[in-house]
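Worksheet: one structure, shown below.
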Amino acid sequence: MAKLTIKDVNLSGKRVFVRVDYNVPIEEKEGRMVVTDLTRIRETLPTLNHLIGQGARLILAAHLGRPKGKREPSMSLAPVAAELAGLLGRRVQFVDDCVGKEVRETALSLKEGEVLLLENVRYHAEEEANDPAFAAALAEGAEAYVNDAFGSAHRAHASTEGVARLVAQRGGPCLAGLLMERELKFLGEELEAPARPFVVILGGAKVSDKIMVIDRLLEKADTILIGGAMAYTLRLAQGHKTGRSLVEADKVDVAKAALEKAKARKVPFLLPVDDVVAVPVKTGQLDKKGKPIVDYQNIRVNADLDCPADAAGLDIGPATVKAYAAAVAKAKTILWNGPMGLFEDKRFAAGTIGIAQAVASATQSGATSIIGGGDSVKALNKAKLGDRVTFMSTGGGASLEFLEGRGLPGVAALADKPAVAG
Ligand code: AMP
């Protein structure tokens, strides 16, 4: 069901609680916290400018990192307020909490077109608990609710769900922002009745993370292409040897069920025909997060479906890229989620980049390409092809849950568009 958006209701003069996604990368530089990528802030500008243009009074709420209910100074939204002011070209008021007297007074004194950004809502444990009293404190004075934070909509938290419910109870509109609207259009409506052939590319580390998506898409897709480490659990299910590749041995049954469903439904379900394999070697060193650094030796293409015992599969091979690119070239709709290999290491990025190029070129020929968030978005941006696809989702976990067909609480809380008669 399509949701009402800020284009459907005039919020002129109204005090509007806007949930945004400002969970930005932030780093300490010369003693102060600096936002290192402004993409997420920039992406909210169309919604904010639309509301400011109408003369709404904006109270913005967001989370940053995982402060787990404590005031963690490195996760303050204060640096975001400064960046947002620069991008909007207007003052952004900031209060160092998200509830309480000062918030209330500042929110109530907002004039038309003025903007207030609240401090990190996750400084309070009640946010993630969706505590009713906390939601009521956040919602104080809000006459309308707008959600533009798709990436947080799979969580029923106070700022994503509780506040919306309270505003709706008061008769206030609960609307999708423009970014949220696009997410729902591309991940939802476009995939309801996709132009065919509909080709789905799935990769990433784990079958278990994507199995529900596979299950649902087997009912819709014309072809499914599998890459990444998850391909090895499927190969294991086919009885092949996977050497030291990343596999989920306890998910072989689930993988078998997916292969059988694909066969029963006659959906071509392609696994790699060759791989880039290498021998993992411990270096004895630890990375920044304290994890052992592994090096890879004897990197080569392996065209045998059995992986050598001492090696791990780390990328799809050139013959697979060619076969997958040919399937993608025929597509009218493409959905891609998950990298084809360990793409963060450029020695194993060719498969993911090859697929990114194939998706970009099919898009140029008229296909609709939808990138389901997370690492595939990173990979496309790395390959400088981000602007050559139709849509890149801003959500990781939220996109997957949405593609599984699960209702997202933050979306369910928004008002439905009235059904058109006829
Ligand atoms: P996911 O979050 O499930 O989409 O997984 C993404 C992660 O899987 C990325 O960090 C990739 O580097 C990793 N990955 C994909 N393929 C492989 C592989 N063959 N071996 C090891 N890691 C992989």
Worksheet item: Ignoring hydrogens and geometry, is there a side-chain-to-backbone donor-acceptor pair from Thr333 to Ala195 under 3.5 Å?
Response: yes
Discussion item. If you define the side chain from C-beta out and look only at heavy atoms, does anything of Ile214 sit under 4.5 Å from Leu202?
Written reply: yes
Item to complete: Please name the pair of heavy atoms, one in Val277 and one in Ala311, separated by the smallest distance, quoted to 0.1 Å.
Response: CB-CB, 4.1 Å
Worksheet item: Does the side chain of Leu118 come within less than 4.5 Å of Gln93's, by heavy atoms?
Response: no
Worksheet entry | Result of checking Leu51, Thr44, Ile6 against Val18 for side-chain contact (heavy atoms from CB on, under 4.5 Å) | Leu51
Worksheet item: What is the distance from atom CZ of Arg57 to atom CG of Leu11, rounded to the nearest 0.5 Å?
Response: 12.0 Å
Worksheet item: Does a salt bridge link Glu140 with Arg104, judged by any charged N lying under 4.0 Å from a carboxylate O?
Response: yes
Worksheet item: Below 4.0 angstrom, N of the basic side chain to O of the carboxylate: do Arg66 and Glu72 qualify?
Response: no
Worksheet item: Would you find a donor on one side and an acceptor on the other, under 3.5 Å apart, between the side chain of Asn147 and the backbone of Ala149?
Response: yes
Practice prompt. Check whether any side-chain heavy atom of Ile316 lies under 4.5 Å from a side-chain heavy atom of Tyr324, and answer yes or no.
Written response: yes
Item to complete: Would you mind listing every ring pair (Phe, Tyr, Trp, His ring centres under 6.0 Å) that reaches into residues 371-409, with sequence neighbours excluded?
Response: Phe150-Phe402, Phe186-Phe391
Fill in: Derivation and outcome, side-chain contact (heavy atoms from CB on, under 4.5 Å), residues Leu187 and Ser393
CA-CA 8 Å; Leu187 293 180; Ser393 176; 3.7 Å; yes
Worksheet item: Any donor-acceptor pair under 3.5 Å linking the side chain of Asn120 with the backbone of Leu64?
Response: yes
Fill in: Cys98 side chain reached by Phe134 side chain, heavy atoms, under 4.5 Å
yes
Worksheet item: Is a donor on one side and an acceptor on the other found under 3.5 Å between the side chain of Ser245 and the backbone of Thr242?
Response: yes
Worksheet item: Under 4.0 Å between a Lys/Arg side-chain N and an Asp/Glu carboxylate O for Asp37 and Arg42?
Response: no
Worksheet item: Using 4.0 Å as the upper bound for N to carboxylate O, is an ion pair formed by Glu114 and Arg90?
Response: no
Worksheet item: Checking Lys210 side chain against Gly203 main chain: does a donor-acceptor pair fall under 3.5 Å?
Response: yes
Worksheet item: Distance from Asp250 atom CG to Thr233 atom OG1, nearest 0.5 Å?
Response: 8.5 Å
Worksheet item: Could you go step by step and tell me if Arg71 and Glu119 meet the side-chain contact (heavy atoms from CB on, under 4.5 Å) rule?
Response: CA-CA 10 Å; Arg71 291 193 73 90; Glu119 182 54 286; 4.2 Å; yes
Discussion item. Rounded at 0.5 Å granularity, tell me how far NE2 in His157 sits from CG in Leu138.
Written reply: 12.5 Å
Item to complete: Rounded to the nearest 0.5 Å, what's the gap from CG on Leu191 to CG on Leu217? Could you check?
Response: 7.5 Å
Worksheet item: Can Val200 and Thr223 be said to form a side-chain contact (heavy atoms from CB on, under 4.5 Å), step by step?
Response: CA-CA 6 Å; Val200 174; Thr223 303; over 6 Å; no
Fill in: Side chain to side chain, Leu48 and Leu60, heavy atoms closer than 4.5 Å
yes
Worksheet item: Checking salt bridge (charged side-chain N to carboxylate O under 4.0 Å, His left out) for the pair Asp222/Lys266: CA distance, chi angles, key distance, verdict?
Response: CA-CA 9 Å; Asp222 296 302; Lys266 299 194 173 62; over 6 Å; no
Response to the item:
Rounded to the nearest 0.5 angstrom, the CG-CG distance for Leu271 and Leu259 is 6.0 Å
Item to complete: Salt-bridge test for Glu344 and Lys378: reply yes if a basic N is under 4.0 Å from a carboxylate O, no otherwise.
Response: no
Worksheet item: So, Glu183 versus Thr394: side-chain donor-acceptor pair below 3.5 Å or not?
Response: yes
Worksheet entry | Electrostatic pair Lys101:Glu105 at N-O distance under 4.0 angstrom | yes
Worksheet item: Side-chain contact, heavy-atom cut-off 4.5 Å: Ile59 with Val16?
Response: no
Discussion item. For Thr283 and Val294: C-alpha separation, side-chain torsions, deciding distance, then whether side-chain contact (heavy atoms from CB on, under 4.5 Å) applies.
Written reply: CA-CA 6 Å; Thr283 59; Val294 177; over 6 Å; no
Worksheet entry | Test item: Asp148 side-chain N/O and Leu179 main-chain N/O as donor-acceptor pair under 3.5 Å | yes
Worksheet entry | Minimal non-hydrogen separation, Phe94 against Leu117, with atom names | CD1-O, 3.3 Å
Worksheet item: Would a distance-only check, ignoring hydrogens and angles, find a side-chain to backbone donor-acceptor pair under 3.5 Å from Asp274 to Thr320?
Response: yes
Worksheet item: Under 3.5 Å, is there a donor-acceptor pair between the side chain of Arg15 and the main chain of Gly141?
Response: yes
Item to complete: Keeping the roles fixed (side chain from Ser369, backbone from Ile334), state whether a donor-acceptor pair exists under 3.5 Å.
Response: no
Discussion item. Salt bridge (charged side-chain N to carboxylate O under 4.0 Å, His left out) for Arg165 and Glu161? Distances and angles first, verdict last.
Written reply: CA-CA 6 Å; Arg165 214 153 11 96; Glu161 203 267 345; 2.9 Å; yes
Worksheet item: Quick check: does any side chain N or O of Asn302 sit under 3.5 Å from a backbone N or O of Asp306, one acting as donor and the other as acceptor?
Response: yes
Worksheet item: About how many Å separate CG of Leu225 and CE of Met340, when rounded to the nearest 0.5 Å?
Response: 7.5 Å
Worksheet item: Charged N to carboxylate O below 4.0 Å: is that the case for Lys3 and Asp416?
Response: yes
Practice prompt. Classify the ring geometry between Tyr145 and Phe17 as parallel (under 30°), tilted (30 to 60°) or perpendicular (over 60°).
Written response: parallel
Item to complete: Verify whether one side chain among Thr160 and Arg155 offers a donor that lies under 3.5 Å from an acceptor in the other.
Response: no
Worksheet item: Any side-chain donor-acceptor pair under 3.5 Å between Asp131 and His124?
Response: no
Item to complete: Begin from the C-alpha positions of Glu28 and Ser74 and carry the test side chain to side chain donor-acceptor pair (under 3.5 Å) through to its verdict.
Response: CA-CA 8 Å; Glu28 192 186 322; Ser74 66; over 6 Å; no
Worksheet item: At their closest point, which heavy atom of Pro272 faces which heavy atom of Leu305, and how far apart are they?
Response: O-CD2, 3.7 Å
Item to complete: Taking only Lys NZ, Arg NE, NH1 and NH2, and the carboxylate oxygens of Asp or Glu, determine whether Lys185 and Glu190 approach each other closer than 4.0 Å.
Response: yes
Worksheet entry | Carboxylate-amine/guanidinium proximity below 4.0 Å for Asp215 and Lys261 | yes
Discussion item. Counting neighbours of NZ on Lys382 that are heavy atoms of other residues, nucleotides or ligands and sit closer than 6.0 Å, is the number greater than 12?
Written reply: yes
Fill in: Salt-bridge present (Arg347, Asp345; N to O < 4.0 Å)
yes
Worksheet item: Charged N to carboxylate O under 4.0 angstrom, Lys206 versus Glu248?
Response: no
Discussion item. Distance alone, cut at 3.5 Å: any donor-acceptor contact between the side chains of Ser76 and Tyr123?
Written reply: no
Item to complete: Check whether any side-chain heavy atom of Asp315 lies under 4.5 Å from a side-chain heavy atom of Phe343, and answer yes or no.
Response: no
Worksheet item: Do Lys7 and Glu181 pass the salt bridge (charged side-chain N to carboxylate O under 4.0 Å, His left out) test, and can you show the C-alpha distance, the side-chain angles, and the key distance before you say yes or no?
Response: CA-CA 10 Å; Lys7 291 186 287 192; Glu181 181 191 25; 3.1 Å; yes
Worksheet item: Is any side-chain heavy atom of Pro308 closer than 4.5 Å to a side-chain heavy atom of Arg300?
Response: yes
